[in-house]
Amino acid sequence: MTEDKRMYGHADDLAQPNELKYVGHNVPLHDAVAKATGKIQYTGDMEFPGMLYVKILFSPLAHARIKKIDASAALALPGVVAVFTHANTPETLYNSQVWFAGQEARADERLFCDTVRFVGDRVAAVVATDKKTAAKAVSLIKVEYEVLPALFDPEEALTENAIEIHPGGSPFFEKEFGCGITSETFNKAELIVEDRVETPKIHHAAMETHVCIAIPDYSGKITIYTPCQILYSVRLVVAKVLRLPYNKVRILKTPMGGSFGGKQEVTIEPLAAFFAQATGKPVKIEYNRQESIISTRTRTRTIGYVRTAVDKNGKILAREVKAIVDTGAYTSNGSVVSMAMGKKIFRLYRIENQVFRVQAVHTNTPVAGAARGYGSPQIHAITEINLDHVANRLGLDPVEFRLRNLVHPYDQDLSGGPSLGNARIIDCVEEGAKLFRWQERRAQANGNGSGRFRRGVGMACATHSNGYFGAFQDFTTMTLRMLEDGSMILNSGIHELGCGTVTTMKQIIAEVIDINPDRIEAPEGDTETSPYDVGSQSSRVTHICGAGALKTAHKVKEIFQREAAKILGCEPEDVVMHAEIVWAKSKPEEKMTYGEMARAIQRKNRMEIIATETYQAADNPGSYGANFVEVEVDTLTGLVRVIDLLAVHDVGKAINPGFVKGQIYGGVQMGIGLALSEDLRIDPKNGKVKGDSFARYHLINAPDMPLVNVLLIEKGGDLGPFGAKSIGEIATCPTAPAVVNAVNQALGTNLTTLPLTPERILAALRE
Amino acid sequence: MELEFKVNDKAYSLEVDPESRLLDVLREELGLTGAKEGCGEGECGACTVIMDDLAVNSCLVLASQARGKEILTVEGLAANGELDRMQQAFIDNGAIQCGFCTPGMLMSAKALLLREPNPTEEEIRTALAGNLCRCTGYVNIVNAVKDAASAEETEGSV
Ligand code: FES
Ligand code: FES
């Protein structure tokens with residue numbers, strides 16, 4: 001493998017030159033050739049002998065009790081193997097987002113329930129020998145419903161006489177935490193600026209829809225092929241529903257056709273597993289686009305009320321943030337995401353008096369869940385739009401205002417969370433403003449003229465986590481061995497989501513062992529054979545798993561040197577390992593390949609070069625980012641064009657700068673969608689999703705996408721491998737508020753309800 | 001209905017339902033699973049193949065419309081084992097992440113170069129307007145197409 005010099009040649013190349021051989025270099029994605037040739041097999045491409053296909057009947061009503069299901073016509077259709085409903089499936093209640101055994105979470109979901117709670121809830125399923133028959137049979141199922149009153153508005157859920165979607169009603173979760181004394185401080189403030197900001201439900205829009213295959217065997221074991229983010233979460237939920245011991249449920253991670261959190265929670269796997277168990281046949285469930293949009297998971301709709309108090313010098317004295325979190329019809333991650341949102345607001349600015357209050361509610365709408373940023377894009381939209389409003393009212397430049405308040409490296413989290421680590425947000429803002437020519441462009445744009453097209457320039461900041469340390473258990477275990485030809489295998493519970501995790505692990509190991517990354521295999525996780533891992537979530541993979549790979553590689557190196565020393569007749573520290581060749585420092589003429597040495601060690605020392613190590617997370621620094629953006633608003637049509645965007649990110653160290661930039665480009669695409677066009681648009685009359693297809697749900701496409709420049713701040717300083725911090729989630733967090741702030745500058749408005757659709761923009765202009 | 005057509009330079013004669021979609025014929029009858037279904041309604045481009053030199057959404061083409069046509073799928077790009085320039089450019093430019101949009105992107109980009117060997121950036125973006133990608137923000141995809149086009153040009157002038 002050689003690094004292609006042309007790689008990313010068009011993108012600005014701002015990576016620092018370094019002496020590392022593999023880390024910090026643009027090693028190509030390990031499966032890029034398989035993907036470019038169409039040879040890679042995604043789950044939808046896989047077939048197994050005798051496999052059955054599923055079509056699910058989804059509720060057309062937002063809230064109803066099922067009185068009767070008549071499946072006789074469906075069952076009579078040749079090729080139909082079974083029809084499943086609430087009457088013949090387990091009553092076990094589960095929660096789709098638990099990822100470790102013993103995790104407390106409200107369990108209110110069932111495979112099929114006798115009450116449907118949103119348009120898109122599961123009513124029944126046909127399992128048949130082919131897809132067409134399954135689809136035909138589903139249309140023959142007759143259901144009698146008793147319609148129940150429904151509610152779609154999260155604020156209505158908090159009113160006195162709101163209906164109860166689950167026993168106890170809403171809020172089903174409430175929390176308040178903070179630091180300092182807010183109420184008194186507000187009384188002393190020079191200026192208080194309040195806003196209500198709203199973010200919509202959005203669809204993750206992975207190009208691959210939800211799909212999985214479950215295969216039963218003669219021993220009662222169920223094997224599941226799934227493009228998931230957390231193997232051990234799938235195992236937990238499936239084992240619970242099927243009442244199987246964990247070792248009778250085997251989960252295999254298949255190639256991921258995109259997730260962004262959409263496949264993080266356990267949605268279709270327990271269904272496929274149960275159908276496979278019941279029929280004794282392999283079963284595939286593959287959703288179409290509409291089904292993925294309405295019936296899996298969405299980003300959590302969030303309404304925020306912010307009050308920020310400042311003095312006349314632009315110092316933030318106090319802030320109150322109240323969030324209403326709409327988790328939809330089932331609890332899912334409603335409480336966890338509520339907490340995740342709150343924690344972020346204490347980690348970006350030095351605010352001594354601050355309180356966060358959150359209420360999570362159920363509505364008769366599609367279920368929310370994990371979504372890239374896990375609440376960060378929402379909470380940052382809420383607070384960063386408000387901060388621009390504050391800056392405007394103070395007559396202060398938004399960059400200057402932020403610089404007066406941003407956190408400094410190694411600040412403490414005043415709400416009691418882990419240290420912020422080497423938090424370099426000030427560098428991001430200062431260097432970004434310079435590179436973007438902020439002052440000049442901001443002054444120039446400024447709503448420019450009163451013609452049809454108005455320009456605006458805006459920016460926003462954000463922070464995100466690096467794993468679960470300080471909140472939940474976080475560690476990883478890995479086994480690394482060297483084979484008799486000098487090649488290596490990493491056995492771990494990693495998940496490749498297309499971000500480059502496999503290659504990243506290889507680069508880290510390659511750096512320690514001094515071996516070509518192509519000589520390392522790093523298969524993705526398999527719950528039967530891989531050690532435990534917490535999963536691809538919480539922006540932990542590079543920071544935590546990467547540190548695990550580093551630790552394990554060092555251990556293997558130590559073993560190799562110790563054993564090689566016996567062969568070479570020298571001290572372990574005198575064993576030189578260089579480019580897959582090994583020798584004793586004192587005898588450079590006697591060289592052996594790693595493979596020759598591994599064989600000699602087996603023969604003479606009767607030892608294998610293998611190590612299993614557990615890395616325990618011990619820090620959780622903030623990853624930081626700032627976006628600077630220029631937009632042009634067409635005041636006639638209300639359409640916004642994002643002209644160009646600069647994304648500056650404090651990533652500690654980019655293990656693979658190309659991958660890091662890839663994450664940022666994709667994150668920006670998603671963030672612009674959140675700002676301008678993406679919204680499930682739930683009909684307030686009947687709860688139907690209006691944006692239930694790509695024809696009616698607008699993703700940013702190639703012509704919409706602006707120029708994106710990236711500046712990476714790489715100052716290390718924390719416990720990640722080579723100082724690396726997360727990028728995948730933070731990449732999307734600053735974008736939406738930066739775009740909104742730019743539009744507000746262009747129009748002199750204070751638009752706060754996302755997305756800024758043409759209708760909303762035109763309405764604001766009319767005011 | 002009998003469907004006679006050529007796929008990746010190979011002639012086929014198949015018995016298919018005239019209502020079946022070209023995408024299903026390719027994936028299910030011929031085992032060519034490179035083309036993907038991302039929406040089934042002509043909005044995402046994951047199913048793009050080239051039919052008589054034009055990029056088409058194979059989820060919208062009926063088997064009957066493919067009669068007598070020449071189809072090129074992603075599997076046909078590296079027919080003799082050597083990667084097509086466009087494939088190499090996607091790999092070199094980091095234009096592939098999850099890869100689910102990649103086959104469709106490659107075919108749309110390839111069709112563009114067939115009709116316009118030296119496209120402007122705007123033409124590239126327009127040609128890819130019907131191909132959605134959630135991973136890459138299109139940045140490196142556009143770079144890859146530019147790269148492949150300039151490589152093609154250099155080659156042409158030699
Ligand atoms: S599957 Fe054909 S365009 Fe989406
Ligand atoms: S690479 Fe994942 S959708 Fe394009």
B/Lys10, NZ atom: more than 12 neighbouring heavy atoms under 6.0 Å:
no

Given the options A/Pro703, A/Gly667, A/Gly38, which has more heavy-atom pairs under 4.5 Å with chain B than any of the others?
A/Pro703

Please determine, among B/Glu122, B/Glu43, B/Met105, the option with the most heavy-atom pairs under 4.5 Å with chain A.
B/Glu43

Hey, are the side chains of B/Tyr138 and A/Asn701 touching, using non-hydrogen atoms and a 4.5 Å cut-off?
yes

Among A/Glu496, A/Gln663, A/Glu47, A/His204, the residue with the most heavy-atom pairs under 4.5 Å to chain B is A/His204

Which atoms of B/Leu83 are under 4.5 Å from chain A, going by heavy atoms: the side chain, the backbone, both sets, or neither?
side chain

For A/Gln290, is it the side chain, the backbone, both or neither that has a heavy atom under 4.5 Å from a heavy atom of chain B?
neither

Shortest non-hydrogen contact between B/Gly38 and A/Phe694, atoms and distance
O-CE1, 4.0 Å

Report the residues that fulfil side chain to side chain donor-acceptor pair (under 3.5 Å) with B/Glu29, sequence neighbours left out, ordered by chain and then residue number.
none

Heavy-atom closest pair (B/Gln97 atom, A/Leu29 atom, distance to 0.1 Å) is O-CD2, 3.4 Å

Of the backbone (N, CA, C, O) and the side chain (C-beta and beyond), which part of B/Thr102 lies under 4.5 Å from a heavy atom of chain A, both, or neither?
side chain

If I compare all heavy atoms of B/Ile96 with all of A/Ala32, which pair ends up nearest, and what's the gap?
CD1-O, 3.7 Å

Part of A/Met207 lying under 4.5 Å from any heavy atom of chain B
both

Criterion side chain to side chain contact (heavy atoms under 4.5 Å, CB included) on B/Leu77 and A/Thr37, from CA distance to verdict
CA-CA 7 Å; B/Leu77 280 183; A/Thr37 51; over 6 Å; no

Crowded around B/Glu82 CD? As in, over 12 foreign heavy atoms under 6.0 Å?
no

Write down the atom of A/Tyr42, the atom of B/Phe100, and the distance for their closest heavy-atom approach.
OH-N, 3.4 Å

Any residue of residues 123-135 of chain B which, by heavy atoms, sits under 4.5 Å from chain A:
B/Arg125, B/Thr126, B/Leu128, B/Ala129, B/Leu132, B/Cys133, B/Arg134, B/Cys135

Counting heavy-atom pairs closer than 4.5 Å to chain A, which one of B/Glu37, B/Met86, B/Glu41 comes out on top?
B/Glu41

Whether B/Asp24 and A/Lys132 form a salt bridge (side-chain N of Lys/Arg under 4.0 Å from carboxylate O of Asp/Glu) is what I want to check.
no

Under a 4.5 Å heavy-atom cut-off, does chain B meet the side chain of A/Asp45, its backbone, both or neither?
both

Considering only NZ, NE, NH1 and NH2 on the basic side and carboxylate oxygens on the acidic side, decide whether A/Lys131 and B/Glu28 come within less than 4.0 Å.
yes

Where do A/Tyr665 and B/Thr136 come nearest, in terms of heavy atoms and distance?
CB-O, 3.2 Å

Could you measure the distance from the CG atom of A/Asn26 to the CG atom of B/Asn93? Nearest 0.5 Å is fine.
10.5 Å

